[in-house]
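See structure below.
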Amino acid sequence: GGQAMWGGRFATRPADLMQAINVSIGFDRRLADQDLAGSRAHAAMLRMQGVITSEDEAAIQGGLDAIATEIRDGTFPFRDEFEDIHMNVEARLRELIGPAAGRLHTARSRNDQVAVDFRLWVRDACDRTVAQLKRLQGALLDRAEQHADTLMPGFTHLQPAQPVTFGHHLMAYVEMFGRDAGRFADARRRMNECPLGAAALAGSPFPIDRDATARALGFDRPTANSLDSVSDRDFALEALAAATLCGVHLSRLAEELVIWTTPQFGFVRLSDAFSTGSSIMPQKRNPDAAELVRAKVGRLMGSFTQLTLVMKGLPLAYSKDMQEDKVPTFEAFDALELSLAAMTGMVLDLEPVAERMAAAAGAGFSTATDLADWLVRTLDMPFRDAHHVTGAAVKRAEALGVDLPGLPLAELQALSPGITPAVYDVLTPAASAASRTSFGGTAPDQVRRQAALWRERLS
Ligand code: ARG
C-alpha cells in the first residue's frame with residue numbers, strides 16, 4: 001500500500017506494528033450498515049444545505065448503494081491498510097465513483113462518524129434485546145399459567161420455607177425480565193441523540209443542519225455539546241450495565257434449573273434438545289445450556305468493567321482509547337442474545353415433575369407458619385407465643401418422625417389446650433398456598449391475575 005488516507009503530512013508510511021495496533025476493521029466491520037446509514041444522511045443533508053451539488057450527492061448515494069450490495073453479498077474488500085470501517089467505505093467509494101467520494105467527508109470527522117455509527121448499533125442492540133426479553137417473558141407466562149396451581153416448596157437459605165406455586169415462582173422472573181426491558185428502554189431514550197455534526201470536536205463552520213441528520217437517522221434530536229458528542233460512551237456503558245443486570249437474572253434462573261434438574265431435587269426435566277450426555281457416564285443428562293447461561297454473566301460484567309476502565313480518566317474530547325469500546329460491547333450483546341434465546345428454549349420445553357414438587361412442598365414442616373397464624377387468628381394468641389408453641393410442635397413431630405399434618409391432635413393439645421381439629425385444614429401445602437391471597441401473593445388466583453396483567457402489557 002502507499003500513503004494512508006491521512007498521509008499528506010507524512011514522509012514515510014507507518015510501521016507494520018503501528019498498523020497492527022491501530023487496525024480495527026477486524027471488528028468494526030460490524031458497523032458497516034450503520035456507517036452507510038450515517039453517510040447517506042450526511043450526504044443528503046450536505047446537498048440540501050448546498051454544501052455539495054446534486055450530481056455529487058447522486059454519485060455518492062449510488063456508490064453507497066453499490067457498497068451496501070457488496071457488503072450484503074460478502075464481496076466487499078475489507079482491507080487492513082484502511083484501518084477501520086469508515087476509511088474502508090470511503091476508499092471503496094473512491095474506487096467506485098472517483099473524486100466525488102472525497103466530498104462526503106466535508107463537515108464530518110471520523111470522531112462524530114464513529115460516535116453515530118456506534119450509537120446506532122447499540123440502539124439496535126437494545127431494541128433487539130427488548131424484543132427477546134418479551135419473548136422470554138411470554139414463554140415464562142405460558143408456563144406460569146399452566147402451573148398456577150402446581151405446588152412447590154418456596155425456599156429461603158435454600159431451606160424449605162413456605163409452599164408456593166411453580167407459576168408464582170416463574171412469575172418472579174417475569175417481573176425481573178420486565179425491569180430489564182425497562183432498563184434497556186430507558187437507556188435507549190437517553191442515548192437517542194445524534195452526535196453527527198460535532199465533527200472532530202468543535203463543531204463545523206459549514207451551514208450543516210443537524211436536526212435533519214438527527215431526524216433521518218431516527219434520533220429525537222442532535223446532541224447539544226460537540227465535545228461531549230465525540231467523547232461520550234455512557235450510552236454503551238448504560239446498555240452494558242443493563243445487560244449485566246439482565247445476566248444476573250438469567251444466571252439465577254439458570255442456577256435454579258441446574259438445581260431443579262438434579263435427581264436429588266427432580267423438580268424439572270429439561271428436554272433432550274437442551275440436555276447433553278457424557279462421553280464416559282452413560283446415565284448422564286447434563287444441563288450444559290443452563291450452566292453456560294449461568295456463566296455468561298461473567299462476560300457481561302467483564303465487558304462493562306473493561307469499557308468503564310477504558311473511559312475513566314480520558315481527557316476530553318476523543319482519544320484512540322475509545323476504539324476499544326466496540327469489542328466488549330459486541331461480545332456482551334452476542335453473549336446476551338445467545339443466553340436469552342437458549343433460556344427461552346429451555347423454558348418452553350421444560351417439564352415440571354408435579355408430584356415431586358408437591359411432595360417437597362409439604363416436606364420440612366413448611367406449613368409451620370400456617371399453624372402459628374391459626375393460633376393467632378383462632379385463639380387470639382400473640383404471634384411470639386404462637387411461634388413458640390409451633391416450634392415445640394415441630395420439635396415433637398420431628399421426634400415422632402411425622403410431618404405437621406400427621407401430628408396427633410392430643411400432641412398439639414398438650415402444647416396448647418385450645419387447639420381443635422379445624423387446625424388440620426390449614427396444614428396442607430395446598431391450603432397454605434391458597435390462603436396467601438394478598439396482592440402479589442402465591443395464591444393461584446393471584447398468580448393468574450398477575451399473569452393476565454402481564455399478558456396485557458406484553459400484547
Ligand atoms: N476507528 C476509530 C474508532 O473506532 C474511528 C475514529 C478515529 N478517529 C481518530 N481521530 N483517529 O474510534
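This one's a predicted model, so the numbers in the text were calculated from it and none came from an experiment. Position 1 is the first residue of the sequence, and the numbers go up from there.
- Considering Asp272, Thr261, Thr276 as possible partners of Arg285, the one that fulfils the side chain to side chain donor-acceptor pair (under 3.5 Å) test is Asp272.
- A donor and an acceptor atom, one from each side chain of Ser24 and Asp84, are nowhere located under 3.5 Å apart.
- Using a 3.5 Å distance cut-off with no hydrogens or angles, the side chains of Ser459 and Arg455 do not pair a donor with an acceptor.
- Between the side chains of Thr223 and Glu193, not a single donor N or O lies within less than 3.5 Å of an accepting N or O.
- Remark: Arg128 qualifies as a cation-pi partner of Trp121 under the 6.0 Å distance and 45° angle criteria applied to the six-membered ring.
- A distance of 4.5 Å separates OG1 in Thr378 from CH2 in Trp374, rounded to the nearest 0.5 Å.
- Arg143 and Gln146 form a side-chain donor-acceptor contact under 3.5 Å, judged by distance and modelled atom types alone.
- With 3.5 Å as the limit, one finds a donor-acceptor pair spanning the side chains of Glu256 and Tyr173.
- Cation-pi contact between Arg356 and Phe267: absent, since separation from the ring centre below 6.0 Å together with deviation from the ring axis within 45° is not met.
- Looking only at atom types and distance, the side chain of Asn192 has a donor-acceptor partner in the side chain of Arg123 under 3.5 Å away.
- Ring geometry for Phe265 versus Phe155: interplanar angle of 30 to 60°, hence tilted.
- A cation-pi arrangement, defined by a distance under 6.0 Å to the six-membered ring centre and an angle within 45 degrees of its axis, is absent between Arg449 and Phe439.
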